[in-house]
Amino acid sequence: MPFWARSATGPVMSAQNLDCGGYCRDCGREHTLAAEPALPLARDLLAELERCGGIGPDPRLSLDYLYGPARGQMFGVLKYRDEEGNQGALKAFSGQYNGLWHVAGWVAPILDAAEFARVIRFDEPRIKDLTLRMRGLQEIDPLRLAMLAQRRDLSRNLMERIFTLYQLTNFRGQTRAMAEVYTGKAMPTGTGECCAPKLLHHAAVHGLTPLGLAEFYVGRENRSVTRRHGEFFAPCAEKCRPILGFLLCGLEERNGRT
Ligand SMILES: [Zn+2]
Ligand SMILES: [Zn+2]
């Protein structure tokens with residue numbers, strides 16, 4: 001039996017609210033999407049991953065990756081209704097999987113991977129180089145402190161440019177820059193890469209009406225041991241809630257609610 005299956009005791013359901021939601025500035029209120037309709041599909045996906053031992057046939061897509069130093073990752077399922085009234089499901093993994101943005105059968109990232117590569121091409125090696133050069137220096141060495149400040153400025157600037165690559169579309173057909181819709185203070189690294197925004201943006205762009213969305217954790221527990229294999233969670237409060245209000249806007253009307 002593979003080691004990831006050994007720890008699999010089936011999805012662990014917590015008592016917390018798993019629904020997706022966030023405040024919408026345009027409407028001056030919260031928009032939500034229930035988790036419940038997507039839970040059976042999410043359980044099926046978890047079982048399928050455990051059975052297959054990977055998210056695809058390529059060896060780089062093995063679940064072993066989620067048990068290594070990178071640790072586990074969030075996965076999400078969105079149940080939808082298309083324009084003809086047929087139901088279906090979309091699936092997503094958060095961020096990249098083992099360095100890959102695109103995996104067949106899984107929802108694509110919101111950003112354009114080629115644009116992303118272009119944006120990080122010059123500054124990412126500079127940031128890495130500074131990190132390496134700082135290593136041999138004393139903590140209070142003026143040279144090290146100068147390099148530290150330079151690296152901080154480079155990283156902040158790079159992050160801002162990465163964020164401009166995220167253009168979010170909602171169910172009113174509005175498209176806006178992520179920085180414009182974010183309702184929190186400062187966007188953390190990785191904002192826009194979680195499953196919920198990936199799935200909702202994809203559904204909105206492709207004319208699919210979401211009926212439910214559920215997220216669960218797969219792999220070795222996270223460092224703070226707040227997430228374990230098979231556990232379900234609501235979309236995160238730091239990165240997702242501040243953009244979910246915009247992303248869900250217009251959905252209630254589509255579902256015949258006001
Ligand atoms: Zn999130
Ligand atoms: Zn709204």
Side-chain angles (χ1 to χ4, degrees), residues 14 16-35 38-39 42 45 66 70-78 90-97 101 106-111 159 162-163 165-205 209-210 212-219 221-224 226-229 231-258:
S14 60
Q16 60 165 314
N17 181 5
L18 299 175
D19 294 350
C20 183
Y23 181 78
C24 172
R25 279 203 199 106
D26 286 10
C27 302
R29 66 183 179 89
E30 181 130 333
H31 297 305
T32 56
L33 176 63
L39 289 176
L45 176 59
L66 300 178
R71 294 181 177 260
Q73 202 159 317
M74 290 299 294
F75 284 74
V77 173
L78 181 144
L90 298 172
K91 56 184 183 178
F93 50 84
S94 59
Q96 293 168 286
Y97 194 91
W101 284 113
W106 297 82
V107 159
I110 295 173
L111 56 69
M159 210 159 91
I162 290 170
F163 283 146
L165 299 177
Y166 290 85
Q167 298 288 323
L168 309 180
T169 299
N170 69 16
F171 296 94
R172 277 190 209 292
Q174 297 169 317
T175 298
R176 285 187 199 154
M178 188 164 72
E180 214 181 298
V181 307
Y182 189 82
T183 58
K185 282 189 183 118
M187 282 194 286
T189 310
T191 304
E193 288 179 21
C194 291
C195 300
K198 268 189 178 182
L199 290 164
L200 291 169
H201 172 81
H202 182 96
V205 167
T209 302
L213 190 156
E215 288 191 5
F216 57 93
Y217 187 84
V218 178
E221 74 279 354
N222 63 348
R223 241 170 261 284
S224 49
T226 52
R227 293 185 180 223
R228 292 185 194 85
H229 181 78
E231 285 181 335
F232 278 74
F233 295 93
C236 69
E238 321 76 55
K239 294 178 274 184
C240 290
R241 278 196 72 82
I243 56 173
L244 285 174
F246 173 80
L247 281 166
L248 291 166
C249 192
L251 185 57
E252 285 109 333
E253 288 87 336
R254 284 237 206 153
N255 278 327
R257 291 183 277 139
T258 48

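Counting starts at 1 for both ligands and their atoms, following the listed order.
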A.B. asks: For the residue pair Arg29 and Tyr23, would you count it as a cation-pi contact if the rule is NZ or CZ under 6.0 angstrom from the ring centre and within 45 degrees of the ring axis?
C.D. replies: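 Judged by the rule, Arg29 and Tyr23 form no cation-pi pair.
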A.B. asks: Report the protein N/O/S neighbours of the Zn ion (ligand 2) that fall below 2.8 Å; do not count waters.
C.D. replies: Cys24 SG, Cys27 SG, His31 NE2, Cys249 SG
A.B. asks: Which protein N, O or S atoms sit under 2.8 Å from the Zn ion (ligand 1)?
C.D. replies: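 Listed by chain and number, the nearby protein N, O or S atoms are Cys194 SG, Cys236 SG, Cys240 SG.
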A.B. asks: Considering only heavy atoms from C-beta outward, does the side chain of Leu90 approach that of Val77 to under 4.5 Å?
C.D. replies: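 No, side chains not in contact.
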A.B. asks: Given side chains that start at C-beta, do those of Gln174 and Thr169 come closer than 4.5 Å, heavy atoms only?
C.D. replies: no
A.B. asks: Does Ile110 reach the side chain of Leu168, with side-chain heavy atoms less than 4.5 Å apart?
C.D. replies: yes
A.B. asks: Less than 3.5 Å apart, which donor and acceptor atoms pair up between the side chains of residues 234-246 and the rest of the protein, not counting sequence neighbours?
C.D. replies:
residue	atom	partner	partner atom	Å
Arg241	NH1	Gly21	O	3.2
Arg241	NH2	Glu30	OE1	3.3
Arg241	NH2	Glu30	OE2	2.8

A.B. asks: Using the ring-ring contact (aromatic ring centres under 6.0 Å, His included) criterion, which residues pair with Trp106? Sequence neighbours excluded.
C.D. replies: Phe75, Phe93
A.B. asks: For a quick test of reading the model, state the closest non-hydrogen atom pair linking Gly219 to His229 and the distance between them.
C.D. replies: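 Closest heavy-atom pair between Gly219 and His229: N-ND1, 3.1 Å.
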A.B. asks: Are any non-hydrogen side-chain atoms of Phe233 and Phe216 less than 4.5 angstrom apart?
C.D. replies: no
A.B. asks: Report yes if some heavy atom in the side chain of Thr191 is under 4.5 Å from a heavy atom in the side chain of Met178; otherwise report no.
C.D. replies: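 Thr191 reaches Met178 side chain to side chain.
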